[in-house]
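One-based numbering, in listed order, for ligands and for the atoms of each. Everything numeric here is computed off the predicted structure, so don't read it as measured data.
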Amino acid sequence: MTLSCHGIGIAASREVAIGQAFLLQQSFLEVVPRTIPASEVEKETARFNQALVHAKEELQRVHQHIPSDTAQDISSFIETHLLMMEDSAISKAPIVLIRQQYFAAEWALQVRRDELVRVFDEMDDPYLRTRKDDVDHVVGQIQRALQGAGHPDKQSLRGRIVVARDLTPSDIIMLKHQGIAAFVTEYGGPLSHTAILARSLGIPAILGIRHATQLLQQDEILVVDGSQGIVLADPTDPILQHFHQRISQREAREAELRRGIDLPAVTLDGTQISLLANIELPDDIITTLENRADGVGLFRTEFLYMNRTAPPEEEEQLTAYLDAVRGLQGRLLTIRTLDLGADKNLEGNGVSYLPAANPALGLRAIRLCLKEPGLFLPQLRAILRASAEGPVRLMIPMLSSLAEVNEVLKIIEQTKQALQKEGLAFDPDIPVGGMIEIPAAAISAQAFARKLDFLSIGTNDLIQYTLAVDRMDEEVNFLFDPLHPAVLHLIALTISAAKQNNIPVSMCGEMAGDPLFTRLLLGMGLTELSMQPGALLESREVVRNSHLPELSKRAASFIERLDHEAPLALFEELFS
Ligand code: PEP
Ligand code: MG
């Protein structure tokens with residue numbers, strides 16, 4: 001075997017991909033001080049100007065290639081960066097350093113970047129303070145052009161496996177449109193939004209491969225094996241053959257699942273299970289319908305707010321929600337109110353705060369919305385107005401106390417009254433539900449269930465907060481365990497509280513879409529599972545082969561024995 005590199009990381013999907021590596025340079029962080037001889041000043045100045053032009057052209061090209069159905073915020077994000085490239089602080093100031101102090105272009109640009117960032121840091125306005133990230137994006141783009149990497153164009157990325165230190169959700173959206181085969185990053189966990197988005201877009205991905213950008217070579221052939229979280233570099237022919245075979249097997253399996261696409265999600269004993277989709281981007285409605293979801297159990301609305309300088313207004317949101325309501329043609333749509341903060345960056349939207357020491361425990365989701373009515377009310381109004389046209393449920397993320405539940409319900413009531421006064425239509429009986437993502441919420445589920453119309457278990461956060469394991473942190477990822485007894489007890493508590501109060505309960509965390517856990521969750525009493533659209537077919541098949549009375553017995557035994565036996569062995573004994 002002639003593997004030059006073999007990295008183990010965290011799989012964001014179970015898919016396999018083979019392709020040539022494309023190393024995304026993020027090397028402006030590594031710029032070192034360098035001067036040039038006086039005789040090279042003109043040449044260096046021309047090199048800087050050329051890089052600037054090149055960076056602008058690349059950005060314009062990306063802008064032109066953004067499909068019309070992509071969120072408008074991505075477009076305005078790029079427009080802002082184009083304007084910044086025109087600003088003399090970036091386009092002219094480095095040239096002064098080249099001419100007067102003989103700095104190399106990269107170094108001159110880096111020094112100007114540091115000065116700008118210092119100015120932003122000293123600003124009183126918290127929003128302006130965060131604009132330094134834009135400076136970094138723009139400077140990074142010019143540095144890449146200076147170092148000859150440029151911004152990859154559409155052609156160069158098609159079928160390639162992108163290797164980068166880190167990628168944001170909006171990077172993923174752009175890379176998807178550029179036709180990448182897979183991506184590998186040095187940072188991030190399987191529950192990060194980058195990973196969730198990769199799964200939902202069907203892009204094979206491995207996160208958390210330390211030093212990947214140094215170990216992997218530009219253009220070499222890589223195999224990304226999502227089922228095991230490994231990347232193989234420069235594989236031998238027999239290995240390549242093996243993985244080509246795996247890809248064919250996967251395609252055959254998908255075709256087989258597709259043949260059962262129109263069969264109802266009914267268990268062997270005749271119980272109807274509601275299989276719902278998690279969506280975030282406009283295109284997701286198409287895959288939701290293609291995979292025959294019964295509706296949407298989680299519409300993550302954060303993507304409407306990302307990478308822009310002001311939050312979307314009520315009418316823009318209404319259009320997005322109505323598109324989803326209409327697209328679903330009478331199927332259920334569960335719209336979750338804004339969950340910005342923590343890993344879903346607060347940047348932009350006029351609500352930036354200083355970075356918190358523990359963002360996941362900070363001003364996130366409903367906490368932010370209650371603090372910023374200017375952000376929350378337009379969204380509530382838009383969701384309520386969308387409910388006039390189809391079955392919409394309103395879902396609140398990150399609730400931690402009954403006081404919060406009461407406060408939210410009061411605001412929703414006031415918003416309804418305001419709409420009524422204005423003569424704007426909405427569903428007066430719109431169900432309002434809460435996500436159970438914090439241990440306190442699961443323990444208080446009885447009290448929540450008495451006030452709310454439905455509950456939805458968000459295991460991504462529930463596991464993170466129960467086990468004190470940052471879902472983004474690859475160092476502690478091995479501790480992120482859906483089968484931890486404490487997690488399962490909290491899930492069981494929530495299901496039982498909902499049942500006792502006769503309200504629906506669903507699960508919309510990633511655990512709900514992992515076919516490994518479907519039988520356990522059915523046995524625990526869940527009959528509503530919401531997952532990324534690509535997982536629906538496999539879940540349907542598991543449901544159709546399940547016998548609920550049998551699974552209930554096993555789940556009861558599992559929960560009973562959980563505190564005394566090794567959970568994984570017990571799980572394998574009862575559910576595999
Ligand atoms: C969850 O926490 O499980 C969830 C579905 O919400 P998100 O992943 O958007 O935080
Ligand atoms: Mg969550």
> With a 4.5 Å cut-off on side-chain heavy atoms, are Leu368 and Leu370 touching?
no
> With nothing but distance in play, are any N or O atoms of Glu302 less than 3.5 Å from an N or O of ligand 1?
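No; every N/O pair is 3.5 Å or more apart.
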> Looking at Asp461, pick out the N, O or S atom nearest to the Mg ion (ligand 2) and give its name.
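For Asp461, the N, O or S atom at the smallest distance from the Mg ion (ligand 2) is OD2.
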> Would you please name every residue forming a side chain to side chain donor-acceptor pair (under 3.5 Å) with Arg381, sequence neighbours left out?
Glu314, Glu422
> By number and element, which atoms of ligand 1 are closer than 4.0 Å to a non-hydrogen atom of Ile196?
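With Ile196 as reference, the close atoms of ligand 1 come out as 8 (O).
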> Is ligand 1 less than 4.0 angstrom away from at least one heavy atom of Arg336?
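Arg336: in contact with ligand 1 (<4.0 Å).
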> Side chains of Ile335 and Arg393, heavy atoms from C-beta outward: is any pair under 4.5 Å?
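A side-chain contact is absent here, since even the closest heavy-atom pair is not under 4.5 Å.
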> Between Thr466 (side chain only) and Ile463 (backbone N and O only), is there a donor and an acceptor less than 3.5 Å apart?
no
> Checking one value in my table: which N/O/S atom of Glu437 lies closest to the Mg ion (ligand 2)?
OE2
> Within ligand 1, which atoms have a heavy atom of Leu298 less than 4.0 Å away?
5 (C)
> Check each atom of ligand 1 against the heavy atoms of Arg364 and keep those under 4.0 Å away; list them by number with element.
10 (O)
> If the cut-off is 4.0 Å to any non-hydrogen atom of Asp339, which atoms of ligand 1 fall inside it?
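Under 4.0 Å from Asp339, ligand 1 has these atoms: 10 (O).
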> Heavy-atom contacts with Arg300 under 4.0 Å: which atoms of ligand 1 show up? List them by number with element.
4 (C), 5 (C), 6 (O), 7 (P), 8 (O), 9 (O)
> Verify the distance criterion only: is there a donor paired with an acceptor across the side chains of Thr459 and Glu510 at less than 3.5 Å?
no
> Give the atom numbers and elements of ligand 1 that come within less than 4.0 Å of a heavy atom of Met435.
4 (C), 5 (C), 6 (O)
> Within the structure provided, determine whether Leu281 and Leu197 are in side-chain contact (heavy-atom separation under 4.5 Å).
yes
> Taking ring pair (Phe, Tyr, Trp, His ring centres under 6.0 Å) as the definition, give me every residue that meets it alongside Phe575, ordered by chain and number, with sequence neighbours left out.
Phe558, Phe571
> Do Asp294 and Arg331 sit within salt-bridge range, that is, some charged N less than 4.0 Å from a carboxylate O?
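No salt bridge links Asp294 with Arg331.
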> What atoms of ligand 1 come within less than 4.0 Å of a heavy atom belonging to Cys508?
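Going through ligand 1 atom by atom, the ones under 4.0 Å from Cys508 are 5 (C).
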> What about Arg471: any of its N or O atoms under 3.5 Å from an N or O on ligand 1?
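Yes; at least one N/O pair falls below 3.5 Å.
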